[in-house]
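Computation of the quantities below employed the complete heavy-atom set of this structure, encompassing side-chain atoms and omitting hydrogens, waters and symmetry-equivalent molecules. For ligands, and for the atoms within them, numbers begin at 1 and follow the listed sequence.
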Amino acid sequence: MTEQDIAVETLALTKRYGAVTALDAVDVTIDSGQYFVLLGPSGGGKTTLLRLIGGFVRPTAGQVLLHGADVSDLPPNLRPTAMVFQSYALFPHMTVERNVGYGLRLRKLPRADIERRVGDMLALVGLDGLAGRMPHELSGGQQQRVQLARALVLEADILLLDEPLAALDAKLRKDMCLELKRIQEQVGITFIHVTHNQEEAMTVADRIALIADGRLVEEGSPREIYQRPRKRFTADFVGETNIFDGTVTAADGDRATVDLGFAGVDVPADRPELQTGAAVAVSVRSELLALFDAAPAGDDWQSMPARYVKEIYLGLTTAHRLLLPNETEVVVQDLSHGERPAFAAGQPLYLGWRAGDACLHTD
Ligand code: ADP
Ligand code: MG
């Protein structure tokens, strides 16, 4: 990969506000043309990182490279970036068309060019026919599309979006997610999208970086982050999972045996450095656990005894809650079927999973 293909590279990027370290030596690389999501809990440093990339905040230490050039000292308008803010921030007294064309008029482009580019943008974001409306005559989703058009029309090649869908209701947010993805694929520029919502992240992202406590915790494709999280934090933050603490009793490079106190389990390890005696965690996603009357046989299966507590019917899925011998709660998610509860409170059962479905975490 050449330097040209990298849109953003941060080097030990750090931002402190007095005693608060908002961002702590973050190294992240974002390829050109990617839909890249910064995902994590509130207060983790996502907005700070996005604003450092856009030039709205100056770093305390470290550098920001955009297309290989150090822009750490450049103001936002001299960077190849455009920002879509969380609040709509449209000019209330201007029509949709004038809102979208605002930045181009500032640049003193010929009137015909402005009209053509604004028209193209309104078509792209699905606002054909609404050019003459005022912002207060638009729904929340439409206002968000105007914001997007207003940023895209500037033809920056890195678009920064800070919680762009946070003000929309759940159904609209889903539709707009798919729209954002379609628009990004159509224009082909780099999108960097901040969200605390993991479903939103999974829907749009080519790659996801988890940001928490001012650090980059882990980065990968949505599949990697969901199916093979390396960090315990990632397993816990993304999706619903069950995490068991234990001690390594045997390790041979790509497999480990972990003693959980009441059961020993085999886990794929992929960690050559793992030592016997190490404290680790094992996680298994709730939908990858199944319930059995007897311990499932076969090398491929892993299992542990548990006591049934109750089910919670969620519509698409049913959550079964159980207790392990050490009183830890476990949740098994199943597609809902049948009309009556399948298990009784207190019933002794076995939890089983395919050995390859468990993940090992050393931190
Ligand atoms: P996120 O976007 O992930 O919710 P932020 O980047 O907004 O997180 O904030 C990261 C941390 O930096 C938080 O502890 C926040 O309170 C602090 N912070 C952000 N901006 C400022 C500021 N202007 N002054 C002081 N502290 C700030
Ligand atoms: Mg934020």
Problem set entry | Listed once per pair and sorted, the salt bridge (Lys or Arg N to Asp or Glu O under 4.0 Å) pairs that draw on residues 89-109, sequence neighbours left out |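 Sorted result for residues 89-109: empty, none.
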Exercise. Using 30° and 60° as the class limits, which term best fits the ring planes of Trp301 and Phe292: parallel, tilted or perpendicular?
Worked result: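 Perpendicular.
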Exercise. Residues two or more places apart in sequence or in another chain: which of them pass side-chain hydrogen bond (donor to acceptor under 3.5 Å, both in side chains) with Thr14?
Worked result: none
Exercise. Does the ring centre of His320 sit less than 6.0 Å away from the ring centre of Tyr308?
Worked result: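 Distance test on ring centres: under 6.0 Å, yes.
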Let me have the donor-acceptor pairs involving side chains of residues 69-80, under 3.5 Å, with sequence neighbours excluded, atom names and distances please.
from: Asp70; atom 1: OD1; to: Ser72; atom 2: N; distance (Å): 2.9
from: Asp70; atom 1: OD1; to: Ser72; atom 2: OG; distance (Å): 2.6
from: Asp70; atom 1: OD2; to: Gln63; atom 2: NE2; distance (Å): 2.7
from: Ser72; atom 1: OG; to: Val64; atom 2: N; distance (Å): 3.1
from: Asp73; atom 1: OD1; to: Arg58; atom 2: NH2; distance (Å): 3.0
from: Arg79; atom 1: NE; to: Leu74; atom 2: O; distance (Å): 2.9
from: Arg79; atom 1: NH1; to: Leu52; atom 2: O; distance (Å): 2.9
from: Arg79; atom 1: NH1; to: Ile53; atom 2: O; distance (Å): 2.9
from: Arg79; atom 1: NH2; to: Val71; atom 2: O; distance (Å): 2.8
from: Arg79; atom 1: NH2; to: Leu74; atom 2: O; distance (Å): 2.9

For ligand 1, find each of its N or O atoms that sits under 3.5 Å from a protein N or O atom, and tabulate the pairs with distances to one decimal place.
from: ligand 1; atom 1: 2 (O); to: Thr47; atom 2: N; distance (Å): 2.9
from: ligand 1; atom 1: 2 (O); to: Thr47; atom 2: OG1; distance (Å): 2.8
from: ligand 1; atom 1: 3 (O); to: Gly44; atom 2: N; distance (Å): 3.1
from: ligand 1; atom 1: 3 (O); to: Gly45; atom 2: N; distance (Å): 3.0
from: ligand 1; atom 1: 3 (O); to: Lys46; atom 2: N; distance (Å): 2.9
from: ligand 1; atom 1: 3 (O); to: Lys46; atom 2: NZ; distance (Å): 2.8
from: ligand 1; atom 1: 4 (O); to: Gly43; atom 2: N; distance (Å): 2.6
from: ligand 1; atom 1: 6 (O); to: Thr48; atom 2: N; distance (Å): 2.9
from: ligand 1; atom 1: 6 (O); to: Thr48; atom 2: OG1; distance (Å): 2.5
from: ligand 1; atom 1: 8 (O); to: Gly45; atom 2: N; distance (Å): 3.1

Exercise. Hey, does Leu50 have a side-chain heavy atom less than 4.5 Å from the side chain of Thr47?
Worked result: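 Result no, sub-4.5 Å side-chain heavy-atom pair not found.
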Problem set entry | the Mg ion (ligand 2) to nearest N/O/S of Thr48 below 2.8 Å |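 Looking at Thr48, which is the residue asked about, there is no N, O or S atom under 2.8 Å from the Mg ion (ligand 2).
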